[in-house]
**Student:** 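Encoded as structure tokens, here's the structure I'll be asking about.
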Amino acid sequence: SRILTIQNEHLRARFDPDTGLLVELKNLDHDLLLPVRQAFYWYNASTGNNLSTQVSGAYIFRPNRQEPLLMNHWAQTRVVKTALVQEVHQNFSAWCSQVVRLYPGQRHLELEWTVGPIPVGDGWGKEVISRFDTALETKGLFFTDSNGREILERRRDYRPTWELNQTEPVAGNYYPVNSRIYITDGNMQLTVLTDRSQGGSSLKDGSIELMVHRRLLRDDGRGVGEALLEKGSGSWVRGRHLVLLDKASIAAVGHRLQSEKELLSPQVVLAPGGGSPYHRG
Amino acid sequence: SGDSTSLNEAMAVLQHHDAVSGTSQQHVADDYARQLAAGWGPCEVLLSNALSRLSGSKEEFTFCRNLNISVCPLSQTAESFQVTIYNPLGRKVDWMVRLPVSQHVFLVKDPSGTVVPSDVVTMPSSDMQELLFSASVPALGFSIYSVTQVPGRSPQAHTSQPGSQKPS
């Protein structure tokens, strides 16, 4: 069939045959089906506006409008299927690609994203996000971790300790994500594990976004004294998001164990072999 | 002899909020990276000594720091090599090892000498190949797998097919 699918014993991921974008996840162990669209977007960094002269910079994330721009409506895809791995390679643009992977026995979908060098020839600073959109009714709530330990409940446009007058509808809802961010409707839970600290949020019900790379053109006036702008063509960054879909009641087992494996992942050391014995005799 | 002091000191310096959150000037960020990289070297000697002692064999260990961009001169050129996988978790893990290799077929054996399933996958939009095999590594321990090129056979490397074209 034209439907692009990768699947192992526990998980099935489906991709739109025309656009090549991820459109559906199914947890085969618990028969949980969730339409989920994943794509890359970028916020146009603010250089100050009539509401505030505040610029987006190293200390301050401030997009110049609420809606990010879609990196591309479609991705050129290539599929690799072997006994040990199934992969969909997605090419969104010259500076954004991703490999979606499934290994046998794995209960999470691995999204290895590669972003950069971010072009700024158009005079716009860019703040790139990976966004997952679902129909989960999350009632304005989402959850982020604190240094991989405590999970904190976040509520859009709200602070538990003071009456918030939200002046930044995007940045004011971004929180630090050290290892995971998740949303749930009480039955299903969609969790995204990160391999490094990122900014993250859920700006609409059922949506999760994580910021993966930034390249800005102005200093934000908070003390650095220069823009977040690497020299030359700029750096490109590669990282991984691990996506888990589970029943809300048992999701913690999955993401806690996987997150430990991610944080303390095995180290590989090579050697030509045939070395001399270490101990005499 | 190996030494972890310089890496410890680099990590101590990098507790500064500028290092943690990237709010330093570029030249400071570059210096943070320099300090880390300078610390890695002596630490790798320390790790090599420990692995030699624990494995009972003095090896010329190689640390491929660029596996995430499929670069590892040893695995890409050697006809046979050893792969030591260290597991820092307090429980056994199964881990898919991916190593960039040349265009060949390989035989992978586990610590008991048993051949384990392996694959060579061609990276789309490049001619790079990666060898895959699943390694089982004990809690807080390591496993040593051996990889050997099978002479004469060309890989039936799994290339990729186009998944979708641009919508009309």
Side-chain angles (χ1 to χ4, degrees), chain A residues 2 4 15-20 57-59 73-85 87-91 97 99 103-106 112 114 176 197 214 222-226 228-231 238-239 257 260-261 264-279, chain B residues 20-26 47-48 51-53 55-64 67-69 72 74-75 78 80-89 93-97 99 117-119 121-125 132-135 137 142 146 158-167:
Chain A
R2 291 193 62 232
L4 204 45
F15 301 78
D16 181 307
D18 293 321
T19 65
Y59 273 94
H73 296 272
W74 67 287
Q76 190 172 33
T77 56
R78 303 191 68 92
V79 182
V80 177
K81 289 195 177 181
T82 79
L84 294 184
V85 72
E87 302 179 342
V88 174
H89 292 242
Q90 301 169 311
N91 212 1
S97 62
V99 183
Y103 291 118
Q106 190 171 284
E112 183 186 70
T114 304
S197 293
R214 308 170 75 201
R222 301 285 168 151
V224 177
E226 68 179 36
L228 191 71
L229 178 61
E230 305 97 8
K231 289 188 274 297
R238 173 169 289 172
L257 290 173
E260 275 179 7
K261 272 184 78 173
L264 293 172
S265 52
Q267 304 299 313
V268 171
V269 187
L270 273 64
S276 57
Y278 185 89
H279 305 286
Chain B
V20 172
S21 54
T23 49
S24 71
Q25 293 208 336
Q26 188 62 46
L47 261 174
S48 302
L51 282 172
S52 296
R53 181 186 179 94
S55 64
S57 166
K58 285 185 195 172
E59 293 293 346
E60 200 64 38
F61 289 105
T62 299
F63 297 78
C64 290
L67 282 180
N68 72 327
I69 54 173
C72 180
L74 178 67
S75 64
S80 72
F81 54 90
Q82 271 182 358
V83 185
T84 301
I85 304 119
Y86 169 67
N87 167 24
L89 262 185
V93 292
D94 293 323
W95 188 263
M96 190 63 76
V97 178
L99 293 168
S118 64
D119 260 333
V121 171
T122 299
M123 298 292 102
S125 61
L132 274 76
F133 64 91
S134 182
V137 198
F142 60 89
S146 68
H158 300 276
T159 53
S160 57
Q161 317 99 23
S164 72
Q165 302 313 319
K166 181 162 186 174

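Naming convention: chains lettered A, B, ... in sequence-line order (proteins, then strands); numbering from 1 in each chain.
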**Student:** Between A:Arg238 and B:Asn68 (side chain of the first, backbone of the second, donor and acceptor by atom type, cut-off under 3.5 Å), is there such a pair?
**Tutor:**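 Yes: the side chain of A:Arg238 pairs with the backbone of B:Asn68.
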**Student:** Out of A:Ala58, A:Pro266, A:Gly273, A:Ser265, which one racks up the most heavy-atom pairs below 4.5 Å with chain B?
**Tutor:**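 Most heavy-atom pairs within the cutoff with chain B belong to A:Pro266.
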**Student:** Is it the case that atom CD in A:Glu226 sees more than 12 heavy atoms from other parts of the structure closer than 6.0 Å?
**Tutor:**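 Check passes, neighbour count above 12.
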**Student:** For B:Glu59 and A:Gly275, indicate whether the former's side chain and the latter's backbone hold a donor-acceptor pair under 3.5 Å.
**Tutor:**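 Yes, B:Glu59 side chain to A:Gly275 backbone: donor-acceptor pair under 3.5 Å.
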**Student:** Side chain, backbone, both or neither: which part of A:Thr114 has an atom under 4.5 Å from a heavy atom of chain B?
**Tutor:**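 Neither part.
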**Student:** Given a strict heavy-atom distance threshold of 4.5 Å, which part of A:Val269 is in contact with chain B: side chain, backbone, both, or neither?
**Tutor:**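 Both parts, backbone and side chain.
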**Student:** What residue, out of B:Phe142, B:Phe133, B:Phe61, has the most heavy-atom pairs lying under 4.5 Å from chain A?
**Tutor:**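 Among the listed options, the one with the most contacts to chain A is B:Phe61.
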**Student:** Whether the side chain of A:Glu260 engages the backbone of B:Leu89 through a donor-acceptor N/O pair (distance < 3.5 Å, no angle test) should be reported.
**Tutor:**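 No, A:Glu260 side chain to B:Leu89 backbone: no donor-acceptor pair under 3.5 Å.
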**Student:** Under 4.5 Å heavy-atom distance to chain B, tell me which part of A:Glu230 shows up: side chain, backbone, both or neither.
**Tutor:**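 Contact with chain B is through both the backbone and side chain of A:Glu230.
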**Student:** What part of B:Val83 gets closer than 4.5 Å to chain A, counting heavy atoms only: side chain, backbone, both or neither?
**Tutor:**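 Both parts, backbone and side chain.
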**Student:** Looking at A:Leu270, is its backbone amide N or carbonyl O close enough to the side chain of B:Gln82 to form a donor-acceptor pair, meaning the two atoms are under 3.5 Å apart?
**Tutor:**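 No.
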**Student:** Is B:Leu47 close to chain A through its backbone or its side chain, or both, or neither, when contacts mean heavy atoms under 4.5 Å?
**Tutor:**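 B:Leu47 has no heavy atom closer than 4.5 Å to chain A.
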**Student:** Identify which part of A:Pro104 has an atom lying under 4.5 Å from any heavy atom of chain B, answering side chain, backbone, both or neither.
**Tutor:**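 The answer is the side chain of A:Pro104.
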**Student:** So how far is it from B:Gln26 CD to A:Leu228 CG, rounded to the nearest 0.5 Å?
**Tutor:**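 Output value for this atom pair is 8.0 Å.
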**Student:** Please round to the nearest 0.5 Å and tell me the distance separating atom CG of B:Leu51 and atom CD of A:Gln267.
**Tutor:**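 B:Leu51 atom CG to A:Gln267 atom CD measures 11.0 Å (nearest 0.5 Å).
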**Student:** Can you check whether A:Leu264 reaches B:Asn87 side chain to side chain, under 4.5 Å on heavy atoms?
**Tutor:**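 No, too far: nothing below the 4.5 Å cut-off.
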**Student:** If you measure from OH on A:Tyr103 to OG on B:Ser134, what distance do you get to the nearest 0.5 Å?
**Tutor:**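 Spacing of OH (A:Tyr103) from OG (B:Ser134) equals 10.0 Å.
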**Student:** Locate the shortest heavy-atom distance separating B:Trp95 from A:Lys261; write the atom from each residue and the value.
**Tutor:**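 Closest pair (atom of B:Trp95, atom of A:Lys261, distance): CZ3-O, 4.2 Å.
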**Student:** Quick one: does any side-chain atom of B:Asp119 pair with a main-chain N or O of A:Leu84 as donor and acceptor, under 3.5 Å?
**Tutor:**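 Checked: pair present.
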**Student:** How close do B:Arg53 and A:His279 get, counting heavy atoms only, and between which atoms?
**Tutor:**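 In this case the closest contact between B:Arg53 and A:His279 is O-NE2, 3.5 Å.
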**Student:** Counting only heavy atoms closer than 4.5 Å, note whether B:Ser75 contacts chain A via side chain, backbone, both or neither.
**Tutor:**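 Interface part for B:Ser75: both.
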**Student:** With a 4.5 Å heavy-atom cut-off, do B:Ser52 and A:Tyr278 have their side chains touching?
**Tutor:**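 Yes. Closest side-chain heavy atoms under 4.5 Å.
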**Student:** Could you check if a side-chain atom of A:Val85 sits within less than 4.5 angstrom of a side-chain atom of B:Val121, using non-hydrogen atoms only?
**Tutor:**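 A:Val85 reaches B:Val121 side chain to side chain.
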**Student:** Quick one: CZ on A:Arg78 to OG1 on B:Thr122, what's the gap to the nearest 0.5 Å?
**Tutor:**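 The distance works out to 10.5 Å.
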